[in-house]
Amino acid sequence: MSKSKNKKIYDSKPPFLILLTGICIAFFIKFFVFDILRIQGTSMEPKFSDGKFVLLNKLAYGLCKPFGGSLIFSWESPKEDDVVIYLYQDHYVIKRCVATEGAPLEYSTERGYTLLVGEKLIPLTEKQFHLIKNSNAVPEGTILAIGDNYNSSVDSRDYGFIPVKNVIGKILCK
């Protein structure tokens with residue numbers, strides 16, 4: 001008797017409802033929790049190579065808009081050395097956070113144009129130098145995000161500091 005009772009309970013849920021529930025859960029996870037992205041370009045080499053896939057934690061810093069490039073609200077800010085994703089000119093960009101708000105920035109022109117952030121000496125072109133040289137520290141609510149491959153990276157040195165609200169997640173692994 002208990003077998004037929006269990007069978008009736010199982011039969012009462014249509015298979016398409018189970019499938020629909022699974023699809024909804026998968027979409028929720030993709031839009032709000034995790035995403036798998038493919039690296040395009042060489043700006044983060046050698047750690048992240050062109051064509052490789054990475055796992056993005058969308059909940060690392062806050063709740064991200066599902067089809068936007070910013071956070072609805074945040075509970076944490078990127079930390080130095082985090083590899084982050086943000087939207088720039090309608091493209092997802094992967095860069096390393098090299099400095100957070102308030103971090104002092106020192107510039108030098110003694111042996112080419114350079115930027116000193118903590119212990120990191122970052123090369124600059126003349127154009128990059130003139131773009132950011134007036135900032136003695138990373139402005140409030142922003143980060144300095146730079147690719148690991150300095151020579152082939154278009155990053156904060158070229159377009160300025162990144163608002164923290166535009167950082168949509170943190171790379172967990174490759």
Side-chain angles (χ1 to χ4, degrees), residues 31-32 35 37-52 54-174:
F31 289 128
F32 295 105
D35 201 356
L37 301 173
R38 186 171 182 233
I39 302 294
Q40 294 180 344
T42 59
S43 72
M44 290 299 292
E45 286 184 348
K47 177 107 175 155
F48 300 97
S49 301
D50 186 32
K52 299 295 181 182
V54 292
L55 181 63
L56 171 65
N57 177 2
K58 290 185 172 184
L59 291 177
Y61 306 118
L63 186 62
C64 182
K65 291 180 185 176
F67 297 103
S70 64
L71 297 175
I72 297 170
F73 61 87
S74 65
W75 45 71
E76 191 172 334
S77 292
K79 308 238 181 316
E80 188 178 318
D81 214 35
D82 284 355
V83 178
V84 299
I85 296 273
Y86 55 90
L87 198 64
Y88 177 72
Q89 294 183 345
D90 297 327
H91 295 287
Y92 288 113
V93 179
I94 177 174
K95 301 292 178 204
R96 187 171 306 278
C97 175
V98 295
T100 59
E101 69 178 11
L105 304 174
E106 296 178 36
Y107 305 93
S108 175
T109 57
E110 289 178 15
R111 288 180 244 155
Y113 297 100
T114 57
L115 167 64
L116 182 65
V117 180
E119 300 292 318
K120 293 179 182 137
L121 189 61
I122 300 167
L124 300 172
T125 65
E126 184 177 357
K127 183 178 177 184
Q128 292 168 339
F129 177 79
H130 290 295
L131 176 70
I132 63 174
K133 72 175 180 176
N134 295 325
S135 300
N136 294 329
V138 176
E140 185 177 333
T142 66
I143 62 169
L144 182 67
I146 297 178
D148 290 349
N149 186 353
Y150 297 144
N151 295 330
S152 72
S153 181
V154 176
D155 49 43
S156 286
R157 299 171 299 168
D158 300 292
Y159 47 74
F161 300 98
I162 307 302
V164 171
K165 68 179 178 126
N166 291 352
V167 177
I168 60 168
K170 175 181 177 180
I171 297 299
L172 290 178
C173 61
K174 62 175 190 167

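Both backbone and side-chain heavy atoms feed into the values below; hydrogens, waters and symmetry mates do not. Position 1 is the first residue of the sequence; numbering continues from there.
The backbone N or O of Asp155 sits less than 3.5 Å from a side-chain atom of Asp158, completing a donor-acceptor pair. For the pair Ser156 (side chain) and Ala145 (backbone), a donor-acceptor distance under 3.5 Å is present. At least one donor-acceptor pair closer than 3.5 Å links the side chain of Arg157 to the backbone N or O of Tyr150. In this structure, the side chain of Arg96 engages the main chain of Asp81 through a donor-acceptor pair within 3.5 Å.
Here the straight-line distance linking atom CD of Gln128 with atom OH of Tyr159 works out to 11.0 Å at 0.5 Å rounding. Taking CG of Leu131 as the start and CD of Glu126 as the end, the distance is 12.5 Å to the nearest 0.5 Å. Atom CG of residue Asn149 and atom CE of residue Met44 lie 9.5 Å apart, to the nearest 0.5 angstrom. A distance of 6.5 Å separates CZ in Phe48 from CD1 in Ile39, rounded to the nearest 0.5 Å. Here Ile168 contributes atom CD1 and Leu59 contributes atom CG; the two are 11.5 Å apart, rounded to the nearest 0.5 Å. How far SG of Cys97 is from NZ of Lys170: 10.5 Å, rounded to the nearest 0.5 Å.
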task = Applying side-chain contact (heavy atoms from CB on, under 4.5 Å), run through Tyr107 and Leu116 and close with a yes or a no.
result = CA-CA 6 Å; Tyr107 305 93; Leu116 182 65; over 6 Å; no

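In this structure, Tyr113 and Phe129 have tilted ring planes: the angle between them lies in the 30° to 60° band.
Closest of all the heavy-atom pairs between Ala99 and Val138 is CB-CG2, 3.6 Å. Nearest heavy-atom pair across Glu110 and Ser108 is N-OG, 3.2 Å. Closest non-hydrogen pair, Ser49 versus Pro46, comes out as OG-O, 3.8 Å. Ser135 approaches Phe161 most closely through the heavy-atom pair OG-CE1, 3.5 Å.
Between the side chains of Ser43 and Ser152, no donor-acceptor pair is found at a separation under 3.5 Å. One side chain, Asp82 or Tyr61, offers a donor N or O that lies under 3.5 Å from an acceptor on the other.
Tested against Ile85 for a side chain to side chain contact (heavy atoms under 4.5 Å, CB included), the candidates Asn57, Leu56, Asn166, Asp35 yield a single pass: Leu56. A side chain to side chain contact (heavy atoms under 4.5 Å, CB included) with Pro78 holds for exactly one of Val83, Ile162, Val164; it is Val164.
Using a 4.5 Å heavy-atom threshold, the side chains of Lys120 and Glu80 count as touching. Between Asn136 and Leu105 there is no side-chain heavy-atom pair separated by less than 4.5 Å. Lys95 has its side chain within reach of Ser153: a pair of non-hydrogen atoms, C-beta onward, lies under 4.5 Å apart. Contact of the Ile94 side chain with the Ile171 side chain is registered, since non-hydrogen atoms from C-beta on lie closer than 4.5 Å. With contacts defined as side-chain heavy-atom distances shorter than 4.5 Å, the pair Tyr86/Pro163 does not qualify. Residues Val84 and Ile143 have side chains in contact (heavy-atom distance under 4.5 Å, counting atoms from C-beta outward). For the pair Val93/Leu87, no side-chain contact is recorded, criterion being any heavy-atom separation below 4.5 Å from C-beta on.
Counted within 6.0 Å of CD on Glu76, heavy atoms from surrounding residues, nucleotides or ligands total more than 12; the atom is thus considered enclosed.
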